[in-house]
Amino acid sequence: MSAVSFKGAKGARSIAWVALTIGVVGLGIGLLLAPRDTLAACVASLLGLAGIPLGALALGLALAPVSGSVRDQLWPWTLVASRAMPGLAILVLPGLLGAGFIYEWMHQYNDGFRGLWLWWPSFVVRGLLYVVLWWALARWLLPTTLHNPAGAGLGLIAVVLSVSLAAFDWAQSMDPHFASSIFGLLWLGRLMLSGITACILFSLFAGASHTGVLRGLLSAAALAWIYLHFMQYLIVWYGNLPEEVRWYEIRAREWPLLTWLVALQSLVFVATWWPFSARRVPLAVLAGGTLLLGLAEGAWLSLASLSGLNALASGLAMLAAAAAGGGLIALLVLPRRSA
């Protein structure tokens, strides 16, 4: 995939450098003035941006054992998107090193296995191991999976399990009173949706010929995302579980804008019903919008669980974290030289 290039790649890399520089400066200022808000925004940005390399990895492992137009059009681009995996090691560091500012359990005593699991060194090591595992799968397993379907299946199992554990560690544990066995799948659904849309964008920019197939995959991914969110909500509503109900109430009452932005993702699914969405420009708009909505969902899953955050500081820190993270991922993905 080293031969892959896009027109205007040099200009895109320049923009990425500017975004990365502005984002890093903004985060530096934020860490000085509002460290808790800034570190929480870094975690939220990680949850939203990780879908580009990590969702692409899961997509590539899932597509490798099958055949058809979808694999032919998207599997090569999963290799391109997964090149950004090393960037996750950088994006995850602020949340791991600054965990004491974000996670309430860091200041509580626990014994036994719970105490070991909620021990800061253990938390940091697990976080780094997740990223190392994903990078290893993207670097050494994914390129071989067309001729190794068994390896693709085992790799996909490893991704699902590790993503679920990472979701519990990084996002769900921000609210120590909330528990959901499906929470890991919620984040996996977002990762897959973001990874699919990133690969669709790459394919469109490279002149994809079967856009109707890409539109169908986007529609299926959006429907799966809706289903996972609905299932968690249904279980909470049916069980009338106080702490879980509170989790939704806080988001509806204190973070209404984020809640509406996350709900907008459903409109992407509805838009794919119309034939016009199979055209290049509308499909690119739907895919790009889905990537941006991933950032909103990352904040919805994490920031909304924390009390006492300053709305302005959190918002500015989120913009800085998204700029820095997006710029870093773009620099890792974009070709260094344009053809």
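Position 1 is the first residue of the sequence; numbering continues from there. In this text, all values refer to a predicted model and were calculated from it rather than measured experimentally. Atom set for the values below is all heavy atoms of this structure, side chains included, hydrogens, waters and symmetry mates excluded.
Two residues are said to be in side-chain contact when any heavy atoms from C-beta on lie closer than 4.5 Å; Met174 and Val43 meet this criterion. A heavy-atom distance below 4.5 Å is found between the side chains of Thr211 and Leu204. Between Leu57 and Thr78 there is no side-chain heavy-atom pair separated by less than 4.5 Å. Two residues are said to be in side-chain contact when any heavy atoms from C-beta on lie closer than 4.5 Å; Leu293 and Glu297 fail this criterion. Residues Ser277 and Leu286 have side chains in contact (heavy-atom distance under 4.5 Å, counting atoms from C-beta outward). Annotation: side chain of Val163 is in contact with side chain of Trp134 (closest heavy-atom distance under 4.5 Å). Within the 4.5 Å cutoff, the side chain of Trp105 has heavy atoms near those of the Phe123 side chain. When side chains are defined from C-beta on, Leu295 does not count as touching Leu261, because their heavy atoms never get closer than 4.5 Å.
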Starting from the C-alpha separation in whole Å, work towards a yes-or-no answer on side-chain contact (heavy atoms from CB on, under 4.5 Å) for Ile235 and Ile182.
-> CA-CA 10 Å; Ile235 293 171; Ile182 201 177; 5.5 Å; no
Begin with the C-alpha distance, continue with both residues' side-chain angles, and end with the deciding distance and a verdict on side chain to side chain donor-acceptor pair (under 3.5 Å) for Ser67 and Arg71.
-> CA-CA 6 Å; Ser67 60; Arg71 189 185 78 172; over 6 Å; no
Under the side chain to side chain donor-acceptor pair (under 3.5 Å) criterion, do Thr290 and Thr197 qualify, and how do the steps go?
-> CA-CA 7 Å; Thr290 296; Thr197 53; 5.4 Å; no
Step by step, would you call Trp187 with Met192 a side-chain contact (heavy atoms from CB on, under 4.5 Å)?
-> CA-CA 9 Å; Trp187 191 42; Met192 288 294 295; over 6 Å; no
Carefully, step by step, assess Val245 and Glu249 under the rule side-chain contact (heavy atoms from CB on, under 4.5 Å).
-> CA-CA 6 Å; Val245 170; Glu249 286 181 338; 3.8 Å; yes
Under the side-chain contact (heavy atoms from CB on, under 4.5 Å) criterion, do Leu59 and Trp75 qualify, and how do the steps go?
-> CA-CA 8 Å; Leu59 175 63; Trp75 186 85; over 6 Å; no
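No chain of hydrophobic side-chain contacts below 4.5 Å, direct or via other Ile, Leu, Val, Met, Phe, Trp or Tyr residues, connects Val160 to Leu154. The hydrophobic cluster containing Leu223 also contains Leu283, counting ILVMFWY residues as joined when their side-chain heavy atoms lie under 4.5 angstrom apart, directly or transitively. Residues Trp119 and Phe113 do not share a hydrophobic cluster, clusters being chains of Ile/Leu/Val/Met/Phe/Trp/Tyr side chains in contact below 4.5 Å. Leu27 and Leu312 are assigned to two separate hydrophobic clusters, defined by single-linkage of ILVMFWY side chains at heavy-atom distances under 4.5 Å. One hydrophobic cluster, built from ILVMFWY side chains closer than 4.5 Å, holds both Trp120 and Val131.
Here salt bridge (charged side-chain N to carboxylate O under 4.0 Å, His left out) pairs that include residues 256-269, with residues two or more places apart or in two chains, number zero.
The nearest pair of heavy atoms linking Ala81 to Ile52 is CB-O, 3.6 Å. The minimum heavy-atom distance linking Ala152 with Ala64 is given by the pair CB-CB, 4.2 Å. Summarising the geometry of Leu306 relative to Ala40, their closest heavy-atom pair is CD1-CB, 3.6 Å, with the distance given to 0.1 Å. Of all heavy-atom pairs between Leu47 and Ala171, the closest is CD1-CB, 3.7 Å. When every heavy atom of Pro53 is checked against every heavy atom of Met85, the shortest pair comes out as O-CE, 3.4 Å. Asp72 approaches Pro76 most closely through the heavy-atom pair O-CD, 3.7 Å.
Checked by atom type and distance alone, the side chain of Ser203 never pairs as donor or acceptor with a backbone atom of Cys199 at under 3.5 Å. Judged by distance alone, the side chain of His107 and the main-chain N or O of Gly100 form a donor-acceptor pair under 3.5 Å. The backbone N or O of Ala222 sits nowhere less than 3.5 Å from a side-chain atom of Gln265 that would complete a donor-acceptor pair. Panel note: side chain Arg13, backbone Leu334; a donor-acceptor pair is recorded below 3.5 Å. Using a distance-only test at 3.5 Å, with no hydrogens or angles considered, a donor-acceptor pair links the side chain of Thr21 to the main chain of Trp17. Remark: side-chain polar atoms of Ser314 are paired, donor with acceptor, to backbone N or O of Asn310 under 3.5 angstrom. In this structure, the side chain of Thr145 does not engage the main chain of Leu61 through any donor-acceptor pair within 3.5 Å. Checking side-chain atoms of Tyr103 against main-chain N and O of Trp170 turns up a donor-acceptor pair under 3.5 Å. The backbone N or O of Trp274 lies less than 3.5 Å from a partner atom in the side chain of Arg215, making a donor-acceptor pair. A donor-acceptor pair under 3.5 Å links the side-chain atoms of Gln73 to the main chain of His210, judged by distance alone.
A donor atom on one side chain and an acceptor atom on the other are not found under 3.5 Å apart for Arg251 and Thr259. Side-chain contact check for Tyr248 and Gln232: at least one donor-acceptor pair (N or O, by modelled atom type) lies under 3.5 Å.
Open room surrounds NE2 on His147; 12 or fewer heavy atoms of other groups in view lie less than 6.0 Å from it. Counted within 6.0 Å of OH on Tyr238, heavy atoms from surrounding residues, nucleotides or ligands total 12 or fewer; the atom is thus considered open. The number of heavy atoms from other shown groups lying within 6.0 Å of CZ (Arg114) does not exceed 12. Around the CZ atom of Phe101, the shell of radius 6.0 Å holds no more than 12 heavy atoms that belong to other residues, nucleotides or ligands.
Atom-to-atom distance recorded for Leu291:CG and Leu201:CG is 5.5 Å, nearest 0.5 angstrom. The OG1 atom of Thr272 sits 11.0 Å away from the CG atom of Leu217 when rounded to the nearest 0.5 Å. Atom OG1 of residue Thr38 and atom CG of residue Leu32 lie 9.0 Å apart, to the nearest 0.5 angstrom. Taking CG of Leu188 as the start and CG of Leu193 as the end, the distance is 11.0 Å to the nearest 0.5 Å. Considering CZ of Phe183 and OG of Ser164, their distance stands at 10.5 Å, rounded to 0.5 Å. To the nearest 0.5 Å, atom CD1 of residue Ile102 and atom CG of residue Leu39 are 5.0 Å apart.
A centroid separation of 6.0 Å or more is found between the aromatic rings of Phe168 and Trp117. Ring centers of Tyr233 and Trp237: at least 6.0 Å apart, outside the cut-off. Ring centroid separation for the pair Trp300 and Trp247 comes in under the 6.0 Å cut-off. Side-chain rings of Trp140 and Trp135 approach one another, their centers coming within less than 6.0 Å.
Ring geometry, Phe269 versus Trp273: the interplanar angle exceeds 60°, so the pair is classed perpendicular (tilted spans 30 to 60°).
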